[in-house]
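Just so you know, these numbers use all the heavy atoms, side chains as well, and skip hydrogens, waters and symmetry mates. Residues take their numbers from the sequence shown, with the count starting at 1.
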Amino acid sequence: MATVPPVLVLHVLLAACAAAVDAAAAGSSKVPAIYVFGDSTADVGNNNYLPGSDVPRANFPHNGVDFPTSRPTGRFSNGYNGVDFLAVNMGFKRSPPPFLAVANKTNKQVFRGLLGVNFASAGSGILDTTGSSIIPLSKQVEQFAAVQRNISSRAGNGAADTLLSRSLFLVSTGGNDLFAFFSRNSTPSDADKQRFVGNLVALYQNHVKALYVLGARKFAVIDVPPIGCCPYPRSLHPLGACIDVLNELVRGFNKGVKAAMHGLSLSFQGFRYSVGSSHAVVQSIMKHPQRLGFKDVTNACCGSGRFNGESGCTPNATLCDNRHEYLFWDLLHPTHATSKLAAAAIYNGSLHFAAPINFRQLVEDNRY
């Protein structure tokens with residue numbers, strides 16, 4: 001039996017995406033809560049609450065120009081990010097709120113915690129040394145531990161365990177660690193790359209184990225896209241090409257994460273997971289842009305300089321008109337349209353886009 005090319009699968013998903021999202025939004029949520037961890041690919045405003053001028057932020061125009069009410073929220077997007085669309089597919093309005101937005105509201109914290117919380121922080125990584133003035137993954141896990149204690153103290157340990165075992169734990173991180181490594185050594189040896197990626201995956205695995213100990217059972221992991229092809233890295237290349245070293249690091253990391261999650265599923269009772277491949281989605285878009293509704297897969301819609309990728313999306317940046325036809329929103333992040341397609345592929349797509357099962361199958365797996 002012939003296999004269906006991934007681009008055709010994506011094309012079908014793209015056509016069905018609007019109807020599927022509308023149907024999901026109209027229904028009840030398919031999991032009790034979503035707990036989100038990661039970097040700017042998942043941040044929905046946590047960094048807005050952090051002090052300091054060095055904090056990566058997106059709480060200003062043109063960010064959010066296509067968000068409901070056309071307001072910037074802290075998302076590095078013209079509208080929703082991938083986590084928002086995955087949440088919509090699960091029957092929620094969008095991503096749960098940022099932890100720091102509700103942490104000091106005692107009454108609401110319990111309520112929001114029961115529906116989920118987003119801990120992601122732009123600029124963060126798996127390593128505590130990645131980024132500055134942000135919330136690293138280790139700290140995000142600690143913040144979740146506080147929420148878990150809060151739920152247990154009010155609902156009881158049994159009810160909390162049941163809630164968390166049925167909830168989805170979504171992790172989207174790793175790209176910043178790879179960027180940081182590359183910025184320190186742009187021509188690493190194969191041994192250097194293998195050693196760094198091996199250590200990074202091992203630490204990632206430890207963070208996932210910590211969440212398991214705290215009650216997490218369903219893990220929805222999003223891998224790292226080919227970041228060497230983002231507008232910013234292209235702007236650094238003399239010929240404007242993708243930076244191969246970065247993409248090699250990404251491939252090694254993604255392969256390691258897949259193996260690590262598989263290993264954890266064999267070692268820990270009740271551990272279930274899916275690895276959603278933003279890497280496969282972005283590759284498909286770059287190979288077949290017009291078939292998937294895109295016209296520009298190299299330049300940022302909002303930015304300045306070469307490829308619009310030499311600086312971020314600020315109020316004074318150049319802004320494209322046809323935002324839905326761009327793969328990239330700014331120097332490093334996808335557009336609302338890209339995130340919508342990626343979420344559809346990861347949630348409902350084939351093994352090419354999510355394995356060993358897709359996110360929908362993970363959500364609907366009710367073995368406890």
What do the steps show when you test Phe169 against Phe144 for side-chain contact (heavy atoms from CB on, under 4.5 Å), and what is the final call? CA-CA 11 Å; Phe169 287 74; Phe144 169 71; 3.4 Å; yes
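- Expressed to the nearest 0.5 Å, how far CZ of Arg272 lies from CG of Asn366 amounts to 8.0 Å.
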Stepwise side-chain contact (heavy atoms from CB on, under 4.5 Å) test for Gln140 and Tyr35: CA-CA 10 Å; Gln140 294 176 35; Tyr35 299 96; over 6 Å; no
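- Arg57 approaches Asn47 most closely through the heavy-atom pair NH1-O, 2.7 Å.
- For the pair Cys313/Trp329, a side-chain contact is recorded, criterion being any heavy-atom separation below 4.5 Å from C-beta on.
- With respect to the salt-bridge test (charged N to carboxylate O, under 4.0 angstrom), the residues Asp84 and Arg75 qualify.
- Taking CG of Asn176 as the start and CG of Leu127 as the end, the distance is 10.5 Å to the nearest 0.5 Å.
- When every heavy atom of Phe359 is checked against every heavy atom of Val221, the shortest pair comes out as CZ-O, 3.6 Å.
- Other residues, nucleotides and ligands contribute only 12 or fewer heavy atoms inside 6.0 Å of the OH atom of Tyr232.
- The closest side-chain heavy-atom distance from Phe99 to Ser121 is not below 4.5 Å.
- Ile357 contributes atom CD1, which lies 10.0 Å from atom CD of Glu364 (distance to the nearest 0.5 angstrom).
- Across the pair Cys301 and Cys320, the gap between the SG atoms, which is the quantity tested here, stays under 2.5 Å.
- Nearest heavy atoms, Pro136 versus Asp128: CB-OD1, 3.6 Å.
- Counting heavy atoms from C-beta outward, Phe196 and Arg184 have side chains that approach closer than 4.5 Å.
- Residues Met90 and Ile34 approach most closely at SD-CD1, 4.0 Å, considering heavy atoms.
- Contact between Asn299 and Asn308 at its shortest, heavy atoms only, is OD1-N, 4.5 Å.
- Annotation: side chain of Phe179 is in contact with side chain of Leu332 (closest heavy-atom distance under 4.5 Å).
- Partner of Asn78 under the side chain to side chain donor-acceptor pair (under 3.5 Å) criterion, chosen from Asp330, Asp66, Thr335: Asp66.
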Please report the C-alpha distance between Asp177 and Thr130 in whole Å, then the side-chain angles of each, then the deciding distance to 0.1 Å, and finally whether the side-chain hydrogen bond (donor to acceptor under 3.5 Å, both in side chains) criterion is met. CA-CA 6 Å; Asp177 302 283; Thr130 296; 2.6 Å; yes
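- The cationic group of Arg217 lies under 6.0 Å from the six-membered ring centre of Tyr212 and within 45° of the ring axis, placing it in a cation-pi geometry.
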Taking it one step at a time, do Ser278 and Asp223 satisfy side-chain hydrogen bond (donor to acceptor under 3.5 Å, both in side chains)? CA-CA 6 Å; Ser278 64; Asp223 72 8; 3.2 Å; yes
